[in-house]
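Step one of this worksheet: look at the structure below.
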Amino acid sequence: MDNIKKAMRQIDSGDNASNHRKPIPFEDFLKEVLANPTGTIRNVFQVFHDLFKAYIGEGVDEYPNDPETIQYVSYDCSKLLVEEADHPFFADRLFANRLVNHVEALRSGAQQNKIYIFDGPHGCGKSTFLNNLLKRFEEYANTEDGTRYETVWRLDRRQLTRGEGGNETASILESLFRMQQNPDQRQFDTIRSMAVHDDGDFVEVPCPCHDNPLLLIPKPQRRQFLDELFDNNEFKYTLFTDKAFEWIFHDVPCTICGSLYDALFSRLKSAAKVFEMIHAVPYTFNRRLGKGISVFSPGDRPIKQTILHNEYLQSMINRLFSDSNQVRYIFSQYAKTNNGIYALMDIKSHNIDRLIELHNIISEGVHKVEDIEENVSSLFLALMNPEDKKNIKEFQSFSDRIVYINIPYVLDLNTEVEIYRNIFGARIDDNFLPRVLHNFARVIISSRLSLRSEAMLDWIKEPAKYSRYCDKNLQLLKMEIYTGHIPEWLSEEERKALTAKRRRRIIGESDNEGRQGISGRDSIKIFNTFYTTYAKSGELIDMSMLCKFFNAQKDLKASIPDGFIDSLLLLYDFSTLQEVKESLYYYNEEQIEREILHYMFAVNFEPGAIETCKYTGKRVHVSEELFDGFERRILGEKVENARRLNFRKDTQKEYTARTLTQEILVAGTPPNQTRLFQSLKERYEYNLKEKVLDPFLENENFRRAIKDYTEEDFKTYDKKIRDDVTFVIDNLMKRYRYTEHGARAICMYVIDNDLARKFTKP
Ligand SMILES: [Zn+2]
């Protein structure tokens, strides 16, 4: 029994939300406004924007100091569209940026009298997207952070009748009303039981259009009112200057609130008394009831009754004002989503008519309910399939009221992989060598991109020079840009040429891509076939399996560009080689520094001299051997003698003309921070890395040691080999997320395919 009581008490106290949602007097509302101006003064567009801010945040820029940035950043949309959703929607980076930009524009007030149509091919997931978005919006709008207030009138019978004391012409209704004041209990109960909105002395009249209570302040006084309400703070400045807040000065209340105000004012002769009857209540959203959010499917029949009213409330109002025409409580279905969201799922069948009607309303800004004009200000969203465009083609004037937002197939390979992980489990990665899973996504995405990209060709004038890492259509490079990554293999020159203007143009091309090729649904099917074929083998899925799979898919041949898979393999080989090199490369910073300083110092002497280096304090034997060794490390093993001597001469010139005289002696620059030192160091390290594999390529022991790494036999190798093998495998695991098994496999792959030689510059 105790448990039941406790549990019931829990329900009782958990009901805070409804307490929170009780009407508060206008003056208390003003206190709320002062305490939280940005929360209480916002229209649907601002709340929608706040939803994005709360659930997506600012986004991450991977290159924060890039002067050519175009703010194409990484937004994490999982809170908005993935978490707790029945069917998650994965927004790729391109779509997320597009969406956020539109939401920004919406907030600023520039784009409000529009219908936003999400335009995408079958299987792009647009209805999932819209459902998840609306669900989050509903949820957010009902939380404290998302709460806005709307008007509810609490008409005080005592106030309204007091003034009528001497009125001899009181209507029959009025006298009925009076009887209620001196209740004959039985009659009173009858009336009470009918009165949903009747609270003893009060008649509650909700504003069906969800007006912000501040709109009840007569428009001519509103500016001054807000000026006096707020101190001269930052918010006030924003309120009076930001276009997003214009509505608070320009909008008028709905006709019901407006006529109630007028009727009350003429009765009470005091605005203050009218405001005593104005209350504020949180705007509650409920998609299923069509409150604040309505979503129409093409099959939903039009409602017969287009004008809504409330007879009971109307009669109560009539009684109070003893004149049946002063306040007419009628409104349309659009009122229910005023200041909210009105959405159409697909422009087909009945939704075509709805769209046309919406268009007329938007063009006019108001629409007629009988002879009354109703303002409509909602966020209008719709979804559209490519073939349905013809349904609205004949309405030419539509174009200026419709904003299309493309929602194509995923073009960002990281998002494509996220989708596989979501469906097949995050553990799928364990069955792949690193980057092979992403390469699967690359093949799928290649089918969705245009073959020829003017924007890419404007940037990379000679695609052939990258033929060792990239396909001839530069799709592999474009995919990197779409993920927000600028590959390291680009030349310095082309990296610099990637200006903001070019970036905008490349990203802009995505607007026309992803409308064809392998659909979202199909890519999951294809992945399923691939994964179930190869994951069970026990071997890690590698590139040869991937190539074999796609080359055998005859029906995909037409979708995947010619030569794409070959180029993908080249890029993979190149990147793998870099990983192994990076993992094998290590240097003794001190030793390199010492060698460079000694060389800088020694070039000033003739061979044979023995001098004490003033930077290291060590004795240096200046010799042909010292020069020769260092120069070969910088310029390459096969360098001609003449080039070495020139290099030495240039170094000496730079040393005496700048390094010693200007930098070290005048500016006091430490020798290891001079320009000469830095440039020698860069070249030194680059060449060390280039050659790092050489000693191992010819060494059969090295390959065998890798193979035997986990075996007892590994102990029998000499210490140098054991150290090197352990070092490279550890690094591959730490830096590039290989498993031990994968790290060994990839090392042997590099050796067996002779990748080092394949990518050596001729
Ligand atoms: Zn109203």
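Counting starts at 1 for both ligands and their atoms, following the listed order. Just so it is clear, the structure is predicted and the values come from calculations on it, not from any experiment.
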Less than 6.0 Å separating the ring centroids of Phe52 and Tyr75?
no
### Over-ring placement of Arg222 relative to Phe249, 6.0 Å and 45° cut-offs
no
TODO: Check whether any N, O or S atom of Cys209 sits under 2.8 Å from the Zn ion (ligand 1).
DONE: no
**Asked** Would Arg154 count as a cation-pi partner of Phe202, with NZ or CZ less than 6.0 Å from the six-membered ring centre and within 45° of the ring normal?
**Response** yes
Looking at Asp211, the N, O or S atom sitting nearest the Zn ion (ligand 1) is OD2
For the Zn ion (ligand 1), angle spanned by Cys254 SG and Cys207 SG (nearest 10°) is 120°
*Ignoring hydrogens and angles, tell me if any N or O in the side chain of Ser332 forms a donor-acceptor pair with the backbone of Tyr334 under 3.5 Å.*
yes
Taking N, O or S atoms only and a limit of 2.8 Å, check whether His210 reaches the Zn ion (ligand 1).
no
